[in-house]
Asker: 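Right, I'll just put the structure down here and ask away after.
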Amino acid sequence: MSKRIGVVTGGGDCPGLNAVIRAVAKAAAKRSWECVGILGGYEGLLEPPQIKPLDYLSLSGLLTRGGTILGTANRGKFSAKVGHGESRSLPKELLDAVKAGMDTLGLFAVVSIGGDGSLSIAQQMFEHGVPVVGVPKTIDNDLEGTLFTFGFDSAVSCATDALDRLHTTAESHNRVMVLEVMGRYAGWIALWAGIAGGADVILIPEIPFSYDSVGAKILEREKLGKQFTLIIIAEGAREKDGAFVTSGAQTKTGEARLGGIGAVVGAEVEKRTGKESRVCVLGHLQRGGSPTTFDRALCSIFGATAVELVAAGDFGKMVAFTGDQIGAIKISDAIGKLKSVRPDGNLTRTARALGISLGD
Ligand code: F6P
């Protein structure tokens, strides 16, 4: 019987999940291994296991297809995150059940595709003796140890396109347009898209803002003859000494659902400057659709490298983009901490050099 590995997707979806699944299955097939997809996140490993065979014909079209053909979950029995930076230990019986499910399926290893939450589960499985390799996924790009997670470039591209569109309508109406983007407690999406889309103001969680500063930028532009302003704001941005704005709802695991800061800023800016303002919340559009060219390539490299790690028996590792190469780091070094934007790093210095206000 040929050797068999499993691949599982966990947490929120993002563009490129299917491209990684495809790459893992193709690279496994090259080694004459069978590859099966675990359905519905880690719960698919529990008795009776829920799987999808990933044979040659099933992989057609996956490189460009959004979402995940395996389904995913960020709630339920395997929810390892309970809040910002906090994680929960999974019960031993659950980890035993994972092992039992793998035995039933004849899997000798699992490739786990996920962000901080899913990789925290992967780490606990590894510590429990499960041979697992991780692939870093999240549009937020907030995972330590890798310059880029896959899905991030696609989200930035979506936000940049939105800014381009808002630009023309802002200019036509002499308005302030506020674009709220995702990113949780990190400002990577807002900053990259803000620079790429020519925003005038970029507000991120790492640099608390003041309305005086934002208002001053709008009025400065007016004096220079520009009657409109484009503001991009991360959902986790907040005023100096202010609180995070949430939609009021909490996830089942207790994590706050961020959202709404764009509307708060739009209203306050209008009140203070007298400029007509409009707000656009990009939301889950950032997580849907096809991956960008960069993400397609990154997903393919990540998937193939994950299979190399499995072949080498290098378990407990996560593939990582370290700049000059795709390498691997311990999963334990990637989880439990947030990769934040450095307030004095290249990106923020670039923004400031271009005359973009960061609201401080
Ligand atoms: O982590 C990805 C992400 O899209 C965040 O940017 C956002 O805050 C969150 O997930 C939204 O989660 P949900 O889809 O559960 O509302």
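Nothing here was measured: the structure is a model prediction, and the numbers come from that model. Just so you know, ligand 1 is whichever comes first in the structure, and atom 1 is the first atom listed for that ligand. Hydrogens, waters and symmetry mates play no part in the numbers below; they use all other heavy atoms, side chains included.
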Asker: Just jot down the ligand 1 atoms closer than 4.0 angstrom to any heavy atom of E235, in number order.
Answerer: 5 (C), 6 (O), 7 (C), 8 (O)
Asker: Just to check, does H284 reach to within less than 4.0 Å of ligand 1 when the distance is taken from its heavy atoms?
Answerer: yes
Asker: Determine whether the aromatic ring centres of F244 and Y185 lie less than 6.0 Å apart.
Answerer: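 Yes, the ring centres sit under 6.0 Å apart.
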Asker: Going through the distances and angles, do T68 and D13 end up as a side chain to side chain donor-acceptor pair (under 3.5 Å)?
Answerer: CA-CA 7 Å; T68 163; D13 72 342; over 6 Å; no
Asker: Which of the atoms of ligand 1 are close to I139, meaning less than 4.0 Å from one of its heavy atoms?
Answerer: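 Reading through ligand 1 atom by atom, the close ones are 4 (O).
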Asker: Compare R287, R184, R257 and give the one whose heavy atom is closest to atom 4 (O) of ligand 1.
Answerer: R287
Asker: Which heavy-atom pair separates G262 from E180 by the least distance, and what is that distance?
Answerer: N-OE1, 2.8 Å
Asker: Run the contact test for G183 against ligand 1 with a 4.0 Å cut-off on heavy atoms, strictly below, and give the result.
Answerer: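 It does; at least one heavy atom falls under 4.0 Å.
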Asker: Among K217, E220, R221, which residue meets the side chain to side chain donor-acceptor pair (under 3.5 Å) test with T229?
Answerer: R221
Asker: Could you walk me through whether Q124 and S89 pass the side chain to side chain donor-acceptor pair (under 3.5 Å) check?
Answerer: CA-CA 8 Å; Q124 293 186 45; S89 293; 4.7 Å; no
Asker: Taking the non-hydrogen atoms of L258, is any one of them nearer than 4.0 angstrom to ligand 1?
Answerer: no
Asker: Can you tell which part of Q286 has a heavy atom less than 4.0 Å from ligand 1: side chain, backbone, both or neither?
Answerer: neither
Asker: Below 6.0 angstrom between ring centroids: does that apply to F150 and F294?
Answerer: no
